[in-house]
Amino acid sequence: MLRVAVVGSGPSGVYTAQALVGQGAVPGLRVDVLDRLPCPYGLVRYGVAPDHEKIKSLQGNLRTVLEDERIRFLGDVEVGARGLTPARLLELYHAVVYCVGAARDRRLGVPGEELRGSFSATEFVSWYSAHPDAVDDGFGLDGPGAVVIGAGNVAVDVTRILVRRPEELRPTDIPQGALSALATSGVREVHMVARRGPAAARFTTKELRELGALPDTRVLVDRTDLALDPAYDDPSGLPAVNRRNLDVVRSWSAGAGRGTPAARSVRLRFFLRPVEILGDADGRVAAVRFERTEPDGAGRVRGTGRYEEIPAGLVLRAVGYQGVPLPGLPFDPSRGTVPHEAGRVLREGAASPGEYVAGWIKRGPTGVIGTNRPCAKETVASLLADAAALGARDVAPDPLAALRALGHEPVPWSGWLAIERAEAALGGRLGRGPVKIPDWAGLRDAARVVGEREGHPIG
Ligand code: NAP
């Protein structure tokens, strides 16, 4: 018997579990997938925007994996809390694969970042995704202007949600509080601002195009911003995705859709880097001060000493995620990842027996959901190559009992199914489809009370 813990039930964790049971060379292999939250699916549930139903439907594939009889989901188990250290986990399992993602937002490092009305995109995404740790701060939706800093897919997501009309969000599982707040939002113009040019933007073309297809919303691009991009006149040397992005913004700058009256607008700006978030007398965000940049000839940009201010009541900083160190596990702060070799965790340069990583904590916060598949496979190949040695080690006979002895009360798969039923019931009462429960107490009550009443045993 080989008992493996996978820490994290987002895409990388689930693909790791799938590869463990699917690559199948080890009979008697059992996998416990632990998650800090009572709910599975990680960023597919708590990061993918609610209006991206097609990507969200990936949950169906992840569900099939977690329902495999060799895999057991244990929610509401936080590694690092109540004595459940990486060292303790190794006493319960022959191997542990950390798939804990990159939980924190990167900082801008400019004055004013802490002003009221300035948020990381992660905070905003957590709020509209009903993450139970999200803080409902009202989010400065009084309007009329908002600035989104960054040019990745998260920037595109939050920009889109800010201008979506309530009737478009209502059919999604967005929590009722966020839906109501967005329905009364006064935000009419969103500036999405990149420090480099359109040819260097990180968003993908499908996501970018979606902005142009939003009802009652115009996308505006300033041609003088674009003309600064060295690739503007000759995009032939660009990778395909950048070329396509450039084509899309070029069509917008030429005025596509500009003549149509619209209630809201999205303004894409380039070659502006934030230098300060400016506040009003009450300490609220009032504007963002940017320095105009120009290409430095090496793919980056340099400042020009010319400045511009964009007024805004809301600032969302969408400049990327960052890995968070897990006490007891090595961490490379410069990369925000756990040092590894083909997924084997390195301690002082040598592979640590039984410890592995996959996903963003292994390779950094880049790539789409599918990128996690080959990443997980590589890690699992390493683990299975080590299986004989790993299995020879004695571990505690019953990890579930050991977790409970430490004071953890794992939510089993049946508890998660009970949460799903409670969310369907909540949506029914609101005249909507399933609506996410946004708080810890609500999730735990749904998981425990409904789960127990219906007699689902754990395990
Ligand atoms: P990202 O793709 O790394 O983009 C970060 C953006 O922030 C870049 O435009 C970057 O500019 C900018 N930036 C970084 N530091 C900055 C600073 N100090 N000042 C100004 N701008 C700064 O990160 P992300 O948008 O958080 O996305 C993370 C990953 O999730 C990506 O792989 C993304 O594709 C994926 N994702 C996918 C979807 C989807 O498929 N629909 C949705 C959401 C997220 P530079 O390029 O100049 O550094």
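Not measured: the values here are computed from a predicted model. Just so you know, these numbers use all the heavy atoms, side chains as well, and skip hydrogens, waters and symmetry mates.
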Report the C-alpha separation of Y321 and D105 in whole Å, then their side-chain angles, then the decisive distance to 0.1 Å, and conclude whether the side chain to side chain donor-acceptor pair (under 3.5 Å) test is met. CA-CA 4 Å; Y321 292 92; D105 53 287; over 6 Å; no
Please check this pair: side chain of [X] against backbone of [Y], looking for a donor-acceptor N/O pair closer than 3.5 Å.
X: T16; Y: S12; answer: yes
X: H94; Y: R3; answer: yes
X: N242; Y: A199; answer: yes
X: D445; Y: G442; answer: no
X: R82; Y: G407; answer: yes
X: R363; Y: C375; answer: no
X: D386; Y: L390; answer: no
X: R70; Y: V21; answer: yes
X: R88; Y: V79; answer: no
X: D332; Y: V338; answer: no

Using a distance-only test with no angle check, is there a side-chain donor-acceptor pair under 3.5 angstrom linking [X] and [Y]?
X: T64; Y: E67; answer: no
X: R432; Y: Q176; answer: yes
X: T172; Y: D51; answer: no
X: D133; Y: S126; answer: no
X: T379; Y: K362; answer: yes
X: T293; Y: R302; answer: no

For [X], does the [atom1] atom have more than 12 heavy-atom neighbours from other residues, nucleotides or ligands under 6.0 Å away?
X: E294; atom1: CD; value: yes
X: Q59; atom1: CD; value: yes
X: R335; atom1: CZ; value: no
X: D296; atom1: CG; value: yes
X: R116; atom1: CZ; value: yes

Determine, step by step, whether E210 and H52 satisfy the side chain to side chain donor-acceptor pair (under 3.5 Å) criterion, reporting the C-alpha distance in whole Å, the side-chain angles of both residues, the deciding distance to 0.1 Å, and the verdict. CA-CA 11 Å; E210 242 182 307; H52 272 175; 2.8 Å; yes
Evaluate the ring planes of F119 and F139, with Trp represented by its six-membered ring, and classify them as parallel (under 30°), tilted (30 to 60°) or perpendicular (over 60°).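 F119 and F139: tilted rings.
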One pair to check against side chain to side chain contact (heavy atoms under 4.5 Å, CB included): L329 and F331. What are the steps and the verdict? CA-CA 6 Å; L329 206 62; F331 189 72; over 6 Å; no
State, with a plain yes or no, whether a side-chain heavy atom of [X] is found less than 4.5 Å away from one of [Y].
X: V125; Y: D157; result: no
X: C39; Y: I419; result: yes
X: V395; Y: Y93; result: no
X: V14; Y: L62; result: yes
X: R72; Y: P399; result: yes
X: W360; Y: C99; result: no
X: V345; Y: P330; result: yes
X: N153; Y: K206; result: no

The test is side chain to side chain contact (heavy atoms under 4.5 Å, CB included); show your working for V368 and T371 and say whether it passes. CA-CA 5 Å; V368 292; T371 317; 3.6 Å; yes
Within 45° of the six-membered ring axis of Y41 and under 6.0 Å from that ring's centre, is NZ or CZ of K56 located there?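 No, K56 and Y41 do not form such a contact.
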List the atom of [X], the atom of [Y], and the distance in Å for their closest heavy-atom pair.
X: P353; Y: L90; value: O-CD1, 4.0 Å
X: D35; Y: G10; value: OD2-N, 4.5 Å
X: I361; Y: V357; value: CG2-CG1, 4.0 Å

Look at R448 together with D76 and state whether they make a salt bridge at an N to O cut-off of under 4.0 Å.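 Salt bridge present between R448 and D76.
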So that I can tick it off, tell me whether R317 and E113 are bridged by a salt bridge, with the cut-off set at under 4.0 angstrom between side-chain N and carboxylate O.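 Looking at R317 together with E113, the answer is yes, because their closest N to O distance falls below 4.0 Å.
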Ring centers of F73, W416 separated by less than 6.0 Å: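 When the ring centroids of F73 and W416 are compared, they turn out to be at least 6.0 Å apart.
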Indicate, with yes or no, if the rings of Y98 and Y356 have centres closer together than 6.0 Å.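 No - the distance between ring centres of Y98 and Y356 does not fall below the 6.0 Å cut-off.
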One pair to check against side chain to side chain contact (heavy atoms under 4.5 Å, CB included): E355 and R347. What are the steps and the verdict? CA-CA 10 Å; E355 293 185 304; R347 288 186 184 269; 2.9 Å; yes
I would like to know whether S129 and R45 meet side chain to side chain donor-acceptor pair (under 3.5 Å); could you show each step before the answer? CA-CA 7 Å; S129 302; R45 180 171 159 93; over 6 Å; no
Evaluate side chain to side chain contact (heavy atoms under 4.5 Å, CB included) for E291 paired with E276, printing each intermediate quantity in order. CA-CA 9 Å; E291 182 179 13; E276 184 171 1; over 6 Å; no
